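All remarks here apply to the structure that follows.
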Amino acid sequence: MAQQYILLFADEREESEYPDEEMQAWGAYFEAMGAAGILRGGEQLFPSFNATTVRIRDGVRQVQDGPFADTREKLGGFGIIEVEDLDTALDWAAKCPCALDGSVEVRPIVVMEDPSA
Amino acid sequence: MTHAARAAAERAARASYGRLVAVLARQSGDIAAAEDALSAALSKALEVWPRDGVPERPEAWLTTAAKRLVQNTWRHAGVRGAAEPDLVRMAQGSGETDTTHDPRLDLMFVCAHPAIVQEVRTPLMLQTVLGLTADRIAAAYVLPKAAMAQRLVRAKSKIRQARIPFRKPEPEELPERLPPVLDAIYAAFGQSWEDADTSIAQEALFLAELIVTLLPEEPEAQGLFALMCYVEARRPARRTAEGAYVPLDDQNPRDWDRSLLLRAEGVLHRAARAARPGRYQTEAAIQSLHSQRAFGRASDPQMLVTAHRALLAQHPSLGAAVSCAGALLSAGHVSEAKAQLAAIDDDLAAQYQPYWAVLAEVQLTLGEPISAAAQAIRLAQDPAVQAHLATRFGLTTP
């Protein structure tokens with residue numbers, strides 16, 4: 001039984017359009033994960049200035065522009081993989097194009113029991 | 001009979017604690033459950049052995065009993081479906097005493113994994129490999145017990161939830177994975193070394209020797225063990241009978257543990273044969289130079305300078321820079337020593353006691369006003385050291 005991890009891709013991006021070279025690198029990366037049979041999901045997100053954050057405080061809804069974490073590195077996308085252990089997940093995270101000038105957060109996913117099983 | 005049975009149970013537990021935890025935890029990744037199961041198995045042993053006699057292989061008995069308890073815990077937790085194969089694997093588990101591979105090695109690499117926050121690696125190792133209680137560890141770290149316990153719980157949760165694997169790193173991974181293990185062991189050695197009640201130095205020595213045994217091809221592990229042996233060998237000489245501080249140069253080599261020094265020399269020579277120098281081997285070489293008086297040879301200040309420079313180049317740090325300045329001073333290179341200290345960042349040096357102590361020595365040598373002495377005394381935590389410095393620099397203690 002393997003473990004699912006989310007890989008959060010953080011890089012500094014202003015545009016949602018990547019240069020061709022980078023698109024190819026991302027494409028190759030996801031293809032490799034697919035070929036390895038470990039990919040369970042993943043998306044590119046629009047740059048973080050497109051985000052809007054919602055909170056409820058003291059019964060009042062607060063809507064704020066921007067992401068909830070205003071960090072130097074912005075969340076650009078994510079991938080979901082299923083591998084044996086953390087070291088394997090880290091090895092895959094290290095292959096990500098954004099690892100070179102950004103960072104990748106690797107976090108285990110809590111698996112809910114399937115109520116229909 | 002009861003007393004003998006109890007003694008046998010405690011002996012088996014102490015000698016095997018780390019191995020048992022490692023074997024029980026490695027498949028599930030759940031150290032906390034392994035510790036609980038082992039603790040319960042031990043209670044069972046203390047109940048059953050006085051009645052039925054001590055088993056022929058106490059460790060095997062404890063492992064089997066603990067494994068059953070772990071399995072029962074899983075069943076009660078209602079883990080089902082995909083988790084069943086794990087239970088089956090555990091039940092079929094490999095022999096309790098696998099002579100080819102000591103599971104404590106995997107456990108030590110888990111404790112020092114980069115995913116584990118640095119400050120908890122040493123406490124985790126002390127608790128899981130040696131079975132030290134959280135209370136004892138907290139005392140050594142001068143931390144409230146609850147705070148230490150919480151850190152340990154969190155680390156073990158992470159190991160389980162993020163699935164940090166129990167495995168020996170591949171040879172190509174060792175340059176990245178071994179240093180944190182060694183650093184964690186060395187950090188244990190320095191912890192409350194002076195205070196006999198809370199000192200965990202002996203435990204650290206045990207861990208250092210263990211890693212040498214488990215990784216016989218690694219010269220840095222040997223360097224670390226040798227380093228710790230040199231330092232430990234000189235410990236009896238550090239204080240007079242009345243508790244006054246005795247600096248290294250004033251120590252009587254007859255007060256040093258000669259057999260421990262010989263042991264250190266042997267291990268260091270063995271490390272050198274691998275021709276893969278490193279930080280701990282260099283630090284050990286420095287301590288070896290300091291210990292030569294035990295063998296009737298004078299200390300060689302110039303060689304010490306060379307060794308300190310090598311350390312500074314290999315593994316730059318505040319400590320290495322200050323010790324290098326100290327070595328330069330002892331070899332008569334006063335202006336170089338002064339320059340070395342001046343090059344250190346003010347913010348870094350501000351609270352670092354040895355910086356001020358060496359600076360005070362430089363000032364004394366040059367006949368300058370010894371402005372650094374007050375800070376050296378203020379930052380020294382040991383009253384015996386304070387008294388020594390005050391006498392040396394002609395000040396009163398605070």
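It should be emphasised that the depicted structure is a prediction, and the values quoted were computed from it without experimental measurement. Quick note on labels: first sequence line is chain A, next is B, and so on, each numbered from 1.
Other residues, nucleotides and ligands place more than 12 heavy atoms under 6.0 Å from the CG atom of A/Asp91. Other residues, nucleotides and ligands contribute only 12 or fewer heavy atoms inside 6.0 Å of the CD atom of B/Gln118. Taking a 6.0 Å sphere around CD of B/Glu172, one finds it holds more than 12 heavy atoms contributed by other residues, nucleotides or ligands. Within 6.0 Å of atom CG in B/Asp346, 12 or fewer heavy atoms from other residues, nucleotides or ligands are found, so the atom counts as exposed in its surroundings. Around CD of A/Gln62, the count of heavy atoms belonging to other residues, nucleotides or ligands within 6.0 Å exceeds 12.
A/Gln3 places none of its side-chain heavy atoms less than 4.5 Å from the side chain of B/Gln161. Side chains of B/His113 and A/Leu86 form a contact here, defined as non-hydrogen atoms less than 4.5 Å apart.
Nearest heavy-atom pair, A/Pro108 versus B/Ala162, reported as atom, atom and distance to 0.1 Å: CG-CA, 3.7 Å.
A salt bridge links A/Asp87 to B/Arg167: one of the charged nitrogens lies within less than 4.0 Å of a carboxylate oxygen.
Proximity to chain B (any heavy atom under 4.5 Å) is restricted, for A/Leu90, to the side chain, taken from C-beta onward.
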